[in-house]
Amino acid sequence: QVQLVESGGGLVQAGGSLRLSCAASGRAFSTYAMAWFRQSPGTEREFVAGISGGGVTRYADSVKGRFTVSRDNAKKQVFLQMNSLEFDDTAVYHCAARIYTGWIDTDKERYDYWGQGTQVTVSS
């Protein structure tokens with residue numbers, strides 16, 4: 001059983017920055033693929049960024065160059081540093097864990113555990 005607890009969401013002006021954190025309980029956390037997804041009203045949940053068990057990262061085209069995903073295996077945490085935020089980044093952000101393979105997937109159905117979600121609101 002893996003539990004994910006998110007923090008760091010909030011209200012920020014366009015052009016600003018925000019850092020999201022996700023604390024995990026998994027015993028083998030260092031082997032999990034971890035990812036961030038987001039969903040805004042009226043849209044499907046979409047892949048934002050991911051980091052493999054080996055530390056390889058992948059980003060949605062819409063956030064490349066602005067967002068950075070990282071992990072601290074000793075602390076069992078994954079982070080999403082969001083810079084140059086835009087109004088369209090407004091969404092509920094969820095972290096997710098894929099525990100039986102360490103590779104990133106952009107398909108939300110491939111992930112086994114999810115955090116509760118944290119609201120990010122970017123004002124224009």
Side-chain angles (χ1 to χ4, degrees):
Q1 183 70 37
V2 176
Q3 294 179 326
L4 306 173
V5 181
E6 300 164 339
S7 61
L11 175 65
V12 64
Q13 291 186 348
S17 297
L18 206 59
R19 179 178 167 92
L20 305 184
S21 300
C22 181
S25 65
R27 174 175 51 84
F29 174 80
S30 64
T31 71
Y32 303 162
M34 300 294 297
W36 292 93
F37 290 77
R38 67 187 181 188
Q39 186 171 22
S40 56
T43 72
E44 299 286 339
R45 188 174 297 183
E46 66 175 353
F47 175 82
V48 178
I51 183 164
S52 76
V56 177
T57 58
R58 184 175 180 179
Y59 299 91
D61 288 343
S62 60
V63 307
K64 285 180 181 176
R66 300 189 297 120
F67 291 10
T68 303
V69 64
S70 61
R71 66 194 299 160
D72 184 333
N73 288 333
K75 296 181 179 179
K76 297 183 179 180
Q77 290 184 299
V78 62
F79 307 97
L80 185 67
Q81 178 66 47
M82 304 184 292
N83 298 326
S84 301
L85 282 161
E86 303 169 356
F87 178 77
D88 288 347
D89 295 318
T90 296
V92 176
Y93 284 71
H94 300 262
C95 63
R98 192 183 191 200
I99 70 172
Y100 297 112
T101 174
W103 200 249
I104 303 162
D105 201 298
T106 61
D107 182 358
K108 64 183 183 296
E109 301 300 326
R110 304 278 73 79
Y111 291 82
D112 304 299
Y113 295 94
W114 293 84
Q116 78 284 358
T118 185
Q119 176 71 49
V120 172
T121 302
V122 183
S123 63
S124 60

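Both backbone and side-chain heavy atoms feed into the values below; hydrogens, waters and symmetry mates do not. Because the structure is a prediction, the values reported are computed rather than measured.
Between Met34 and Val69, every side-chain heavy-atom pair lies at or beyond the 4.5 Å cut-off. Looking only at side-chain heavy atoms (C-beta outward), Val120 and Leu20 come within less than 4.5 Å of each other. Residues Val2 and Phe29 fail the side-chain proximity criterion, which asks for heavy atoms closer than 4.5 Å. For the pair Met82 and Trp36, the minimum side-chain heavy-atom distance is 4.5 Å or more. Side-chain contact between Lys76 and Tyr32 is absent, with no heavy-atom pair separated by less than 4.5 Å. Annotation: side chain of Leu85 is in contact with side chain of Phe67 (closest heavy-atom distance under 4.5 Å). When side chains are defined from C-beta on, Ser21 does not count as touching Lys75, because their heavy atoms never get closer than 4.5 Å. Using a 4.5 Å heavy-atom threshold, the side chains of Asp89 and Arg38 count as touching.
Gly117 and Val92 make their closest contact through CA-CG1, 3.9 Å (heavy atoms, listed as atom of the first residue, atom of the second, distance). Between Gln119 and Thr121, the shortest heavy-atom distance links the atoms NE2-OG1, 3.3 Å. The two residues Arg98 and Arg110 make their nearest non-hydrogen contact at CG-O, 3.3 Å. Taking every heavy atom of both residues into account, Ala33 and Ile104 meet most closely at CB-N, 4.0 Å. Val122 approaches Thr90 most closely through the heavy-atom pair N-OG1, 2.9 Å. Annotation for Leu4 and Ala24: closest pair CD2-CB, 3.5 Å, computed over non-hydrogen atoms.
In this structure, Thr43 OG1 and Asp88 CG are separated by 10.5 Å, a value rounded to the nearest 0.5 Å. From Ser70, atom OG reaches atom CZ of Arg19 across 5.5 Å, with rounding to the nearest 0.5 Å. A distance of 10.5 Å separates CG of Asp112 from CD of Gln1, quoted to the nearest 0.5 Å. Rounding to the nearest 0.5 Å gives a distance of 7.0 Å between CD of Glu46 and OG of Ser40.
Here the side chain of Thr118 pairs no donor or acceptor atom with the backbone of Tyr93 at under 3.5 angstrom. Counting only distance, with no hydrogens or angles, the side chain of Arg71 and the backbone of Gly55 share no donor-acceptor pair below 3.5 Å. Side chain of Tyr111 to main chain of Asp105: a donor-acceptor pair is present (N/O by atom type, distance under 3.5 Å, no hydrogens or angles). For the pair Ser25 (side chain) and Gln3 (backbone), a donor-acceptor distance under 3.5 Å is present. Between the side chain of Arg66 and the backbone N or O of Ser84, at least one donor-acceptor pair lies under 3.5 Å. Proximity of a side-chain donor or acceptor of Gln116 to a complementary backbone N or O of Glu6 within less than 3.5 Å is detected.
Under a hydrophobic-cluster definition in which Ile, Leu, Val, Met, Phe, Trp and Tyr are linked whenever side-chain heavy atoms come within less than 4.5 Å, directly or via other members, Trp114 and Val78 are assigned to different clusters.
Ring geometry for Phe47 versus Phe37: interplanar angle over 60°, hence perpendicular rather than tilted (30 to 60°).
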